[in-house]
Amino acid sequence: MKIFKILAASAIVLGMTSCVSKKQYEALSSNYKQCIENIGERQREIQDLKSQNASLTSENNLLKSQHDALKSSLDACLSNSGKSSANIDKLVGEINSSNAYIKQLIASNAKNDSLNLALSNKLKRSLDNVTDQDVQVKVLKGVVMISLSDKMLYKTGDYNVLPAAQEVLGKVAKVINDYDKYSVLIEGNTDNVALNSSSLPRDNWDLSALRGTSIAKVLQTQFGVDPARITAGGRSEYNPKATNMSVSGRAENRRTEIIIMPKLDEFMKLMDITPKK
């Protein structure tokens with residue numbers, strides 16, 4: 001408004017040129033030109049300010065949109081936090097239960113391993129004066145296995161236990177009786193040389209089974225092993241340790257194995273271990 005007043009005044013002054021001197025006229029003309037230039041600058045400034053305002057308005061709208069999106073995400077997180085906490089607590093509980101179960105299994109396995117190792121060592125000390133070719137003692141898959149060659153137990157093709165075997169069987173029986181919580185499995189094994197007889201043993205099945213039961217009877221009647229702990233049977237030629245193509249291989253396959261292991265119900269208890277709640 002001030003600018004327009006100046007312009008109006010200048011116009012009036014110009015209209016009165018006939019009433020002023022030349023010097024005054026030139027001064028008023030110069031002021032008029034200066035006013036025109038100032039108006040142009042102010043208009044440019046106004047346009048710049050409008051552009052800045054439009055840009056700031058656009059940025060403000062973008063920030064507001066981002067704010068709304070972040071607020072929605074925050075609200076969703078807060079609403080789900082309760083469920084997430086419950087799930088995490090459940091997961092932690094399951095992990096703790098699994099860890100407890102693993103510790104139980106490790107403790108049980110360590111106990112069984114210790115018992116088997118002690119049993120194996122005791123058997124080896126008891127049988128240390130018997131040649132390795134006749135008697136082998138080892139721990140395999142959680143059980144103790146004693147392998148007795150047939151030449152120290154029976155005559156060829158026979159199942160009656162030789163008197164010379166009594167000493168070894170007596171030592172085995174002593175260890176079996178010391179570990180009275182263990183079961184005893186006795187298995188007869190043969191080579192693949194066929195037997196053909198009208199009387200017992202008629203074949204390798206008969207021979208292997210009769211040899212197994214013969215050892216069981218000796219342990220029971222002569223050394224006091226509880227027969228309720230004993231299972232006896234035969235596997236014929238179908239559980240070879242070596243090839244039957246050689247003399248030494250067939251000799252290794254002709255054997256009776258005495259397997260000492262935890263009772264079946266003890267195994268079942270171990271299998272039924274579940275994580276504590």
Side-chain angles (χ1 to χ4, degrees), residues 112-191 193 195 200-201 204-237 239-242 246-263:
N112 287 337
D113 289 345
S114 298
L115 289 173
N116 287 331
L117 182 60
L119 178 56
S120 176
N121 289 337
K122 188 168 184 178
L123 278 168
K124 287 180 179 178
R125 287 195 299 270
S126 299
L127 304 174
D128 59 1
N129 62 337
V130 182
T131 60
D132 291 340
Q133 292 181 347
D134 294 333
V135 179
Q136 295 179 4
V137 180
K138 63 181 179 180
V139 177
L140 180 64
K141 295 183 179 180
V143 300
V144 177
M145 301 183 65
I146 308 165
S147 182
L148 306 174
S149 66
D150 74 325
K151 68 178 182 179
M152 69 169 294
L153 295 176
Y154 327 96
K155 293 180 180 178
T156 301
D158 194 12
Y159 57 88
N160 293 301
V161 180
L162 294 172
Q166 301 295 318
E167 181 181 1
V168 172
L169 292 178
K171 292 179 178 180
V172 173
K174 184 178 186 307
V175 177
I176 291 174
N177 287 329
D178 288 343
Y179 289 82
D180 57 357
K181 301 299 182 183
Y182 281 62
S183 294
V184 182
L185 174 62
I186 304 172
E187 294 181 346
N189 294 269
T190 69
D191 58 25
V193 178
L195 287 179
L200 290 177
N204 282 331
W205 274 116
D206 283 349
L207 181 60
S208 64
L210 289 168
R211 285 180 170 180
T213 55
S214 293
I215 296 297
K217 292 175 182 178
V218 169
L219 294 176
Q220 174 189 353
T221 59
Q222 298 188 32
F223 301 107
V225 176
D226 182 2
R229 300 170 55 194
I230 300 175
T231 301
R235 303 189 68 175
S236 187
E237 64 197 67
N239 185 34
K241 292 177 64 178
S246 66
V247 174
S248 61
R250 289 193 296 273
E252 189 173 355
N253 290 334
R254 296 190 300 269
R255 68 198 188 279
T256 298
E257 292 182 341
I258 301 175
I259 303 169
I260 306 172
M261 59 185 179
K263 292 183 178 180

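For the single chain, residues carry numbers from 1 onward in sequence order.
- Between Tyr179 and Arg229 the shortest heavy-atom distance is O-NH2, 2.7 Å.
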Can you list the steps and then say if Thr256 with Glu187 is a side-chain contact (heavy atoms from CB on, under 4.5 Å)? CA-CA 6 Å; Thr256 298; Glu187 294 181 346; over 6 Å; no
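- In this structure Glu237 satisfies the salt bridge (Lys or Arg N to Asp or Glu O under 4.0 Å) test with no other residue, sequence neighbours excluded.
- Between Asn177 and Gly224, the shortest heavy-atom distance links the atoms OD1-O, 3.7 Å.
- Exactly one of Ile258, Ile260, Ile259 qualifies for a side-chain contact (heavy atoms from CB on, under 4.5 Å) with Leu185. That residue is Ile259.
- Here Gln220 contributes atom CD and Asp226 contributes atom CG; the two are 8.5 Å apart, rounded to the nearest 0.5 Å.
- Between the side chain of Thr190 and the main chain of Ser236, a donor-acceptor pair closer than 3.5 Å is present.
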With a 3.5 Å cut-off and sequence neighbours excluded, list the donor-acceptor pairs that the side chains of residues 209-218 form with protein atoms.
from   : atom 1 : to     : atom 2 : distance (Å)
Arg211 : NE     : Asp158 : O      : 2.8
Arg211 : NH2    : Lys155 : O      : 3.4
Arg211 : NH2    : Asp158 : O      : 3.0
Thr213 : OG1    : Ala209 : O      : 3.2
Thr213 : OG1    : Leu210 : O      : 3.0
Ser214 : OG     : Tyr159 : O      : 2.9
Ser214 : OG     : Leu210 : O      : 2.7

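- From Ser208, atom OG reaches atom CG of Asp191 across 11.0 Å, with rounding to the nearest 0.5 Å.
- At a threshold of 4.0 Å, the pair Arg255-Glu257 counts as salt-bridged, since one of the basic side-chain nitrogens sits closer than that to a carboxylate oxygen.
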Show your working on side-chain contact (heavy atoms from CB on, under 4.5 Å) between Asn160 and Tyr154 and close with a plain yes or no. CA-CA 6 Å; Asn160 293 301; Tyr154 327 96; over 6 Å; no
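- Remark: side-chain polar atoms of Asn253 are paired, donor with acceptor, to backbone N or O of Lys241 under 3.5 angstrom.
- The side-chain contact (heavy atoms from CB on, under 4.5 Å) test with Ile186 is passed by exactly one of Ile230, Ile146, Leu148: Ile230.
- Shown are Ile176, Asp178, Val172; of these, the side-chain contact (heavy atoms from CB on, under 4.5 Å) with Lys174 is made only by Asp178.
- Between Leu207 atom CG and Arg254 atom CZ the span is 10.0 Å, to the nearest 0.5 Å.
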